[in-house]
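For reference, the structure discussed in these notes is given below.
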2 protein chains.
Amino acid sequence: MANGLTIGQAAAFVGVTIKTVRHYHRLGLVAEPERDGSGYRRYGSADLLRLIQARTLAGAGVPLAEVGDLLDADPERFAAALDDVHRRLTEQIEDLTARRDTLHRLDHGDRALLPDRACAILERLTDLGFCPDYVAVQREGLVLARALIPEIFESFLNHLEHSLADPEFIELTKRSWDARSWDPDDPRIVELASAVAANLLANRALQTMPTGFRNQSDAAARYGVVNHHREDQGPSIARLNALVEENLRAAGVHIPHQ
Amino acid sequence: MANGLTIGQAAAFVGVTIKTVRHYHRLGLVAEPERDGSGYRRYGSADLLRLIQARTLAGAGVPLAEVGDLLDADPERFAAALDDVHRRLTEQIEDLTARRDTLHRLDHGDRALLPDRACAILERLTDLGFCPDYVAVQREGLVLARALIPEIFESFLNHLEHSLADPEFIELTKRSWDARSWDPDDPRIVELASAVAANLLANRALQTMPTGFRNQSDAAARYGVVNHHREDQGPSIARLNALVEENLRAAGVHIPHQ
DNA sequence: ATTGACCTTGACCTTAGGTCAGGGTGCACG
DNA sequence: CGTGCACCCTGACCTAAGGTCAAGGTCAAT
């Protein structure tokens, strides 16, 4: 008398595969049902109930290792666990929703890496006639700055926004960019460096660096990485950088070494 | 000149673990960055951008094996893929929401297995004075019926609801339940069987079985399992069952064998 | 100079199943 | 009657997306 459902019927009923049912048996999460004469598992309604319960919990993200315990727990603990699961599901839903909404930022690379304000600055650079390569280097710098020195990233942006309103700064920056192709010993570099330093000192926006920041040598190292990042462009840029720093230090501005 | 972030800093920036970053390298999903003098990976902003993009797609559920391809794809294909991911996320969110809303049915077992209508019938049985054991067997039967013969489950419920309004049916059912403890050769069984058959014939609710259903031998077998399910209770029940079927067949009602 | 925090590779573990191999069962059809 | 087909059995291995452990190199600070 073949009483009860076969594993395939039971699996279809609870909406899982046969393999999943056997998996649950092996983990001891659902007891094996009786076998019929030919060794087939036969599922009665009690077995189906247990399967559905297990399936529902597992489907809600409860680790299988906990499902068995949970189903055997007293109603009080069980209810608490259900509440917990409900909470976790809600959390997960919110998480997914957020992910979905963030997805569109991938369309344009910058938006995934930088806040809107920084993107606006980069666009402004393009509008001001800076070449794409320069904008790319500048974007690199912003990304590094945000990653390495988040403490002062906001004031970094302030400084940039302020500077872009100054035609002299823009002119000097364009010249600095041209300096890439100069010989490192070109005398114009010395001249340019003092002009740049003077401009920076005139603005004094560098002072927005938070007090205390300068004392942490770790922070200084990170600042150094950002500050020397553009030196990748060539030896004359490195020299220009060094000279500007020298000028600033001579004027009493503290700049971490290395 | 240690230019760029170490793996730990990069991982922290994109919000994953170091292991995850290395995993992405091994899968070829994100190219390995330059190494510094001591063999440490050093991440520039281009690497960070790639990492963030990969992370965003992976976090949205895109299989890692596809992420690499996708990021290298032309913008058109990429946009299409993004749409696809967005759709999948929405689907997943709806799925989780549904799961969360179903979770409370686990509190009372029946509600996880049976629709509200069936649960109401079981409660009605209790109210009508049927003993808990009988209700349990009946619940088993309903679960099996729903799993095995969903085609006629609704009409099965119709039939039951209708029958429960008939005092004679209830009386006969109670007597049938008592028959568990009778001897299989008890003459009262013959008498009870013809009374039950007469009651069923009078109602003729059995006729709600959909045409065409009777012709499928598979369906017949499944129907048989459900119909003979209660015979677990004892040999006298089996005999009663057989006699009722015999009576019904004699009256011209088609009932599948086995 | 040694501690502690970080980095390197490689080998194995985990979760929730899926796949494959090798064989038995039950039923219908020619 | 045997042949095909759909279903069932076990057991061994595979998968994704990492995590853990081991054994060792680096770096900065105390």
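Letters A, B, ... mirror the listed sequences (proteins, then strands); counts begin at 1.
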Let me have the donor-acceptor pairs involving side chains of residues 54-69 of chain B, under 3.5 Å, with sequence neighbours excluded, atom names and distances please.
from: B:R55; atom 1: NH1; to: B:Y24; atom 2: OH; distance (Å): 3.2
from: B:T56; atom 1: OG1; to: B:I52; atom 2: O; distance (Å): 2.7

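Rounded to the nearest 0.5 angstrom, B:I18 CD1 and B:Q9 CD are separated by 10.0 Å.
Atom OH in B:Y24 sits roughly 14 Å away from atom P in D:dA16 (whole-Å rounding). We find that NE2 of B:H25 is positioned 14 Å from C1' of C:dT9, with the value rounded to whole Å. Between B:L64 atom CG and D:dG19 atom P there is a gap of 12 Å when expressed in whole angstrom units. Summarising the geometry, the separation between CG on A:L29 and P on C:dG17 is reported as 10 Å, rounded to the nearest angstrom. Taking atom CD of residue B:E34 and atom P of nucleotide C:dT8, one finds them 14 Å apart after rounding to whole Å. For the pair B:R55 CZ and D:dG18 C1', the interatomic distance rounds to 10 Å; values are reported in whole Å. In this structure, B:R42 atom CZ and C:dC6 atom P are separated by 14 Å, rounded to whole Å.
B:T17 pairs by the side-chain hydrogen bond (donor to acceptor under 3.5 Å, both in side chains) definition with B:T20, not counting sequence neighbours. Judged as a side-chain hydrogen bond (donor to acceptor under 3.5 Å, both in side chains), and not counting sequence neighbours, the contacts of B:T90 are A:R100. Applying the side-chain hydrogen bond (donor to acceptor under 3.5 Å, both in side chains) rule to A:T97 yields no partners; only residues at least two apart in sequence or on another chain are considered. Partners of B:E94 according to the salt bridge (charged side-chain N to carboxylate O under 4.0 Å, His left out) rule, which considers only residues two or more places apart in sequence or in another chain, do not exist here. With sequence neighbours excluded, no residue forms a side-chain hydrogen bond (donor to acceptor under 3.5 Å, both in side chains) with A:R239.
Listed pair A:T20 / C:dG18 meets the phosphate criterion, a side-chain N or O lying under 4.0 Å from OP1 or OP2.
Among residue pairs with one or both ends in residues 27-69 of chain B, those qualifying as ring pair (Phe, Tyr, Trp, His ring centres under 6.0 Å) are B:H25-B:Y43; sequence neighbours excluded. Residue pairs meeting the side chain to side chain donor-acceptor pair (under 3.5 Å) criterion with at least one member in residues 70-83 of chain A, sequence neighbours excluded, are A:R50-A:D72.
Near-neighbour residues of DNA chain D inside residues 85-102 of chain A, defined by a heavy atom below 4.0 Å, are absent.
Under a 4.0 Å N-O distance rule, the pair A:D36/A:R41 does not qualify as a salt bridge. At a threshold of 4.0 Å, the pair A:R105-A:D116 counts as salt-bridged, since one of the basic side-chain nitrogens sits closer than that to a carboxylate oxygen.
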Under 3.5 Å, N/O pairs linking protein and nucleotides 1-5 of chain C:
none

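No donor-acceptor pair closer than 3.5 Å links the side chain of B:N241 to the backbone N or O of B:I237.
Looking at heavy atoms from C-beta onward, B:V244 lies in side-chain contact with B:L200 at the 4.5 angstrom threshold.
Two end axes, each from the C1' atoms of five base pairs, can be drawn for the helix from C:dA1-D:dT30 to C:dG30-D:dC1; they diverge by 10°, to 10 degrees.
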Determine, for nucleotides 3-15 of chain D in 5'-to-3' order, which nucleotides have protein heavy atoms under 4.0 Å from the base (write B), from only the sugar-phosphate (write S), or from neither (write -). ----BSSBB----
